[in-house]
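Reviewing the structure listed below.
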Amino acid sequence: MDILEGLNPAQRQAVETPEGPLLILAGPGSGKTKVITHRVAYLIKAWGISPYRIMAVTFTNKAANEMRERLHQLLGQRAEELTLGTFHAICARFLRRDGQEIGIDPHFVIYDEEDQLNLLKRALQDLDLDPRYYNPKALGSAIRAAKARLIGPEDYARQVTSYRDEVVRRVYGRYQELLAQSRALDFDDLLMEAVRLLRQPRVLAKYQSRYLHVLIDEFQDTNIAQYVLAKQLAGQHRNICVVGDPDQSIYSWRFADLRNILNFEKDYPDARIALLEQNYRSSKAILELASHIIAANKERKPKGLWTENEVGLPPTVAEVYDEQEEAQFVARQVESLAREGFAPGDCAVMYRTNAQSRVLEETFVRYGLPYKLVGGTRFYERREVKDVIAYLRLIVNPDDNISLLRVINTPPRGIGQRTVAELSRWAQARELSLYQALKQLAEGERDSGPFTARTRHDLNSFLSLVEGLAAQGQELHLHDLIQVVLERSGYKEYILNEPDGEDRWDNVLELCTLAQEYQHLEPGEGLTSFLEGVTLVSDVDSLDEKVNAVTLITLHQAKGLEFPVVFIVGLEEGVLPHIRSFDDPAQMEEERRLCYVGVTRAKRRLFLVRALRRSLAGLSGANPPSRFLLDIPPSLVSSAPSGLGVPEPKVLTPAPAPSLPHIRAGDRVRHAKFGEGVVVSCQPSRDDQEVTVAFAEAGVRKLLLSLAPLEKLG
DNA sequence: ATCGATAGAGTTTTT
DNA sequence: CTCTATCGAT
């Protein structure tokens, strides 16, 4: 059978074993995604199983899309019938379809972490607890921890043993009430409620009999709720196939539980185990270095990873002075790698924390190197984008209090803090959503609540706005609907008059463009799926490999990706490993796994960079090299030339080359990236020159003459 | 109610 | 350092 071609014996076994529980332990680069994909194809083609009866769970939407695309090639149209997605997306689907069985409205909205935090603050208010003393973030974390372990508010009440628990219990309870009032579910509810849904015998029977096969990727990063869900779904046919690598478990802070993978054999004593140990990704040199790094972990089973790939060049360890030099080192390496045939798009820079991306970005701009940043402030979390989404959510579900509060005075329409506080109190006394309260106030002629005539008028016109938009929601296609929202709410005019209005409006337009993809759906349906897509996407999902630019990415997000050239920066004590892991050996092992994940992304070239000094949040400090670096035998690496200990730092901050054009204010210049512009001013700085250029397209920029690819125009 | 300024606090990773 | 929250002035 053609599907089995090109698989090694271990992969083949994993694909061919048709029945019963199967645990695939797969090292990095061993083709585990390929195995899952081919297994699905094989089940359908060789065993005649309907794709309708197969579920495959991935860690990101991107992985799901790629798998669907691949299966489309192998199977054609039938691939569409598969249940394929992240746990969260699949659960949302179940709950929209059958949630009514357990009292969940099919039009529920999904709250992200910001929404959750806002709601938590309201819960604290309701309970008269001071948010400065009871940290909302910590409470949110405690609640998420409970939910990930399927501990509902009632269960939580039974296990209270401290005053802190008691506070959590009360906040948790009120928080859930407020969620219900808004007809909203948070991320963890999606899983917890799906489990509850499947505890209904009728529903369970329906799904259990449907899913003949359940496959789960990245199993090492699942939590208890996800584990239970998988167990429920596979309960009848027991064809559950999980793929994972304990050495790449890096999400314990999201309550992923390694016991899922370690206990799999206990839960399924008849489980077969397949080991995938041949690496197809990395050079021998890189793989050997990776093995040394991970070997220092105590809580692990040793693996015998090997590869037939060439030895390759030894990875480079570079020591630089500070983060500026670090960024320059990376930029110059990327430039010189071009001479070896590596394009910018072949390179990725990985770091522990998002804050580290900034210097890299600035430096790349100065060097005129193209880059793409994954993450940072995410698109859907931008204020203006969330504002528009809030309006759209209200159309689907006007009871969504958090969205209503977000836009009730955005743009300003005379409804200030005071009014909002009064309205909330009035609504809460009656256990009404804010929208319902507005409606009752508008209808009740006598009971005007605590409001003056003028305030009532303002509130009423906001209510009319929402109701008017809601009426349109049934009629208009998504794109037109958004236009109507932007016009009628006054948001367009408002945002354009804000600081950075143009940029922020561009983001709104970007959102409109994304909405186009839902244009083929019916009005109501298009809106619902758009909103769901918007909340459940991640940044990695939109990573475009086709653009030829260096990828800047966190180590966490890099999981599952691969690049010909990888730089890992910030290999210092306190950064990687992060300082918050110092007092917990388990967390320290996770930091090491994180480092291992980064290293094993590299195919051919690997650079490990460490800075002697680094300033974080304004303070600069000297850090010792990362302990992970010390675990690498020196014979495995080559050292890059660096400024450390060298009296002249010129190696890393070059003076302007003599061939550089002499530039004065008023000159016309061309920049590789920004296009043409006029020099506004020149200022000498040390042995360099700082020029300010007004570009026709890119606006006013400050550039260092030595670094910027500037060309003087006649 | 709205705007602006100033003080203060928080900085890991994200479906 | 940067973003947020709160305060005071208009």
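Since the model is a prediction, treat every value here as computed from it, not as a measurement.
- Taking atom CG of A/N135 as the reference point, atom P of C/dA5 lies 13 Å away to the nearest angstrom.
- Computed from coordinates, the A/Y351 OH to B/dT13 P distance equals 10 Å when rounded to whole Å.
- A/F59 comes within contact range of the sugar-phosphate backbone alone, with a heavy-atom separation under 4.0 Å but no base atom that close.
- Within the structure, a side-chain polar atom (N or O) of A/K137 is placed less than 4.0 Å from OP1 or OP2 of B/dT11.
- Separating the CZ atom of A/R383 from the C1' atom of C/dC3 is a distance of 10 Å, rounded to the nearest angstrom.
- Using a 5.5 Å limit on the distance between ring centres and a 30° limit on the angle between planes, the aromatic ring of A/H578 counts as stacked on the six-membered base ring of B/dT12.
- Residues satisfying the salt bridge (charged side-chain N to carboxylate O under 4.0 Å, His left out) criterion with A/E113, sequence neighbours excluded, are absent altogether.
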Atom pairs, N/O to N/O, protein against nucleotides 1-6 of chain B, distance under 3.5 Å?
| residue | atom | partner | partner atom | Å |
| --- | --- | --- | --- | --- |
| B/dA1 | OP1 | A/T419 | OG1 | 3.0 |
| B/dT2 | OP1 | A/G414 | N | 3.1 |
| B/dT2 | OP2 | A/N409 | ND2 | 3.0 |

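- Put simply, CG on A/L191 is 9 Å from C1' on B/dT15, counting in whole angstrom units.
- Side-chain nitrogen and oxygen atoms of A/R580 include at least one within less than 4.0 Å of the OP1 or OP2 phosphate oxygen of B/dT12.
- Applying the 4.0 Å criterion to OP1 and OP2 of B/dT12, one finds that A/S581 has every side-chain N and O outside that range.
- A distance of 6.0 Å or more separates the ring centres of A/F59 and A/F87.
- Under the side chain to side chain donor-acceptor pair (under 3.5 Å) criterion, A/Q356 pairs with A/T353, not counting sequence neighbours.
- Geometrically, A/R627 engages A/F582 in a cation-pi contact, judged by NZ or CZ lying under 6.0 Å from the ring centre and within 45° of the ring axis.
- Checking C/dA5, B/dT13, C/dT2 against the side-chain heavy atoms of A/R358 singles out C/dT2 as nearest.
- Distance, A/H556 NE2 to B/dT13 C1': 4 Å, rounded to whole Å.
- Both tests pass for A/R254 against the ring of A/Y251: distance under 6.0 Å to the centre and angle within 45° of the axis.
- The aromatic ring of A/W253 stacks onto the base of B/dT13, its centre lying under 5.5 Å from the centre of the six-membered base ring with the two planes under 30° apart.
- For the pair A/N223 CG and B/dT13 P, the computed distance is 20 Å after rounding to whole Å.
- Taking A/R259 as the reference, A/I224, A/D257, A/N263 meet the side-chain contact (heavy atoms from CB on, under 4.5 Å) condition, with sequence neighbours excluded.
- The interatomic distance linking A/M588 (CE) with B/dT12 (C1') rounds to 14 Å, in whole Å.
- Pairs of residues two or more places apart, or lying in two chains, that qualify as side chain to side chain donor-acceptor pair (under 3.5 Å) and include a residue from residues 580-591 of chain A are A/S252-A/E590, A/R352-A/E591, A/E590-A/R593.
- Between A/Q557 and B/dT14, a side-chain N or O to OP1/OP2 separation shorter than 4.0 Å is present.
- Among B/dT14, B/dT15, B/dT12, the nucleotide with an atom closest to any side-chain atom of A/T86 is B/dT15.
- With sequence neighbours left out, the side chain to side chain donor-acceptor pair (under 3.5 Å) criterion links A/N623 to no other residue.
- A distance of about 15 Å separates the P atoms of B/dT13 and C/dT4, rounded to the whole Å.
- Of the candidate nucleotides B/dT11, B/dT15, B/dT14, B/dT15 has the atom lying nearest to any side-chain atom of A/F187.
- Of the side-chain N and O atoms in A/N354, none sit less than 4.0 angstrom from OP1 or OP2 of B/dT12.
- Counting to the nearest Å, the P atom of B/dT15 and the CZ atom of A/F255 are 15 Å from each other.
- When the nearest nucleotides of DNA chain B are assigned to A/R144 and A/R352 by heavy-atom distance, the more 5′-ward of the two goes with A/R352.
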